[in-house]
Amino acid sequence: MSKYSVLWDYVQKNGNPSFKLTFEEIQSIAGIPIDHSFLKYKKELTDYGYEVGKISMKEQTVVFHKIEQEDNL
């Protein structure tokens, strides 16, 4: 189980195509502060149908994007 599993579950359940969370909101959801290891762990999010977009250190925000599934007919 990843240290960010709770956050990934939250992102998946959100369901929006794209949304932004502050570092403070992420800490509140995940129960841990966001740190440099987030860059490594963010790859796990694709298993939940999302990806991490822009990480703004200035604004202290992270943008999440839903991964578009291609229809293979």
Side-chain angles (χ1 to χ4, degrees):
M1 185 166 167
S2 166
K3 72 184 208 175
Y4 288 106
S5 293
V6 173
L7 177 61
W8 304 155
D9 286 336
Y10 176 89
V11 169
Q12 185 180 45
K13 289 175 183 167
N14 180 288
N16 288 324
S18 183
F19 63 98
K20 185 188 295 186
L21 293 175
T22 65
F23 288 5
E24 190 175 300
E25 289 170 322
I26 290 171
Q27 180 173 345
S28 177
I29 294 162
I32 54 172
I34 191 171
D35 60 21
H36 190 71
S37 71
F38 184 79
L39 297 174
K40 181 180 96 175
Y41 284 99
K42 72 178 188 173
K43 298 172 195 156
E44 300 172 340
L45 189 53
T46 58
D47 293 340
Y48 294 78
Y50 278 82
E51 63 187 1
V52 173
K54 182 178 180 184
I55 301 171
S56 172
M57 297 305 290
K58 182 179 178 184
E59 294 178 12
Q60 301 231 322
T61 58
V62 178
V63 176
F64 299 92
H65 299 287
K66 193 170 199 172
I67 298 170
E68 297 297 323
Q69 302 294 326
E70 292 184 23
D71 293 329
N72 295 327
L73 299 178

Residues pairing under salt bridge (charged side-chain N to carboxylate O under 4.0 Å, His left out) where one sits in residues 28-55, two or more places apart or in two chains, turn out to be Lys3-Asp35

Under 3.5 Å, which donor-acceptor pairs link side chains of residues 55-63 to any protein atom two or more places apart or in another chain?
| unit_1 | atom_1 | unit_2 | atom_2 | d |
| --- | --- | --- | --- | --- |
| Ser56 | OG | Glu59 | N | 2.9 |

Qualifying salt bridge (charged side-chain N to carboxylate O under 4.0 Å, His left out) pairs, either residue in residues 4-13, two or more places apart
none

Using the ring-ring contact (aromatic ring centres under 6.0 Å, His included) criterion, which residues pair with Tyr10? Sequence neighbours excluded.
none

Quick one: closest heavy-atom pair of Ile29 and Val6, and the distance?
O-CG1, 3.3 Å

From Leu21 atom CG to Ile26 atom CD1, the distance as rounded to the nearest 0.5 Å
5.0 Å

Go through the structure and list residues passing side chain to side chain donor-acceptor pair (under 3.5 Å) with Ser18, not counting sequence neighbours.
His65

Non-neighbouring partners of Glu24 that pass salt bridge (Lys or Arg N to Asp or Glu O under 4.0 Å), sequence neighbours left out
none

Applying ring-ring contact (aromatic ring centres under 6.0 Å, His included) as the test, list every pair that has at least one member in residues 11-37; sequence neighbours left out.
Phe19-Phe64

I'd like to know if Ile67 and Leu45 are part of one continuous hydrophobic network [Ile/Leu/Val/Met/Phe/Trp/Tyr, side-chain heavy atoms within less than 4.5 Å].
no

Partners meeting ring-ring contact (aromatic ring centres under 6.0 Å, His included) with Tyr41 (sequence neighbours left out):
Tyr4

Suppose we screen for side-chain contact (heavy atoms from CB on, under 4.5 Å). Which residues come up paired with Ser5, at least two apart in sequence or across chains?
Met1, Ser2, Tyr48

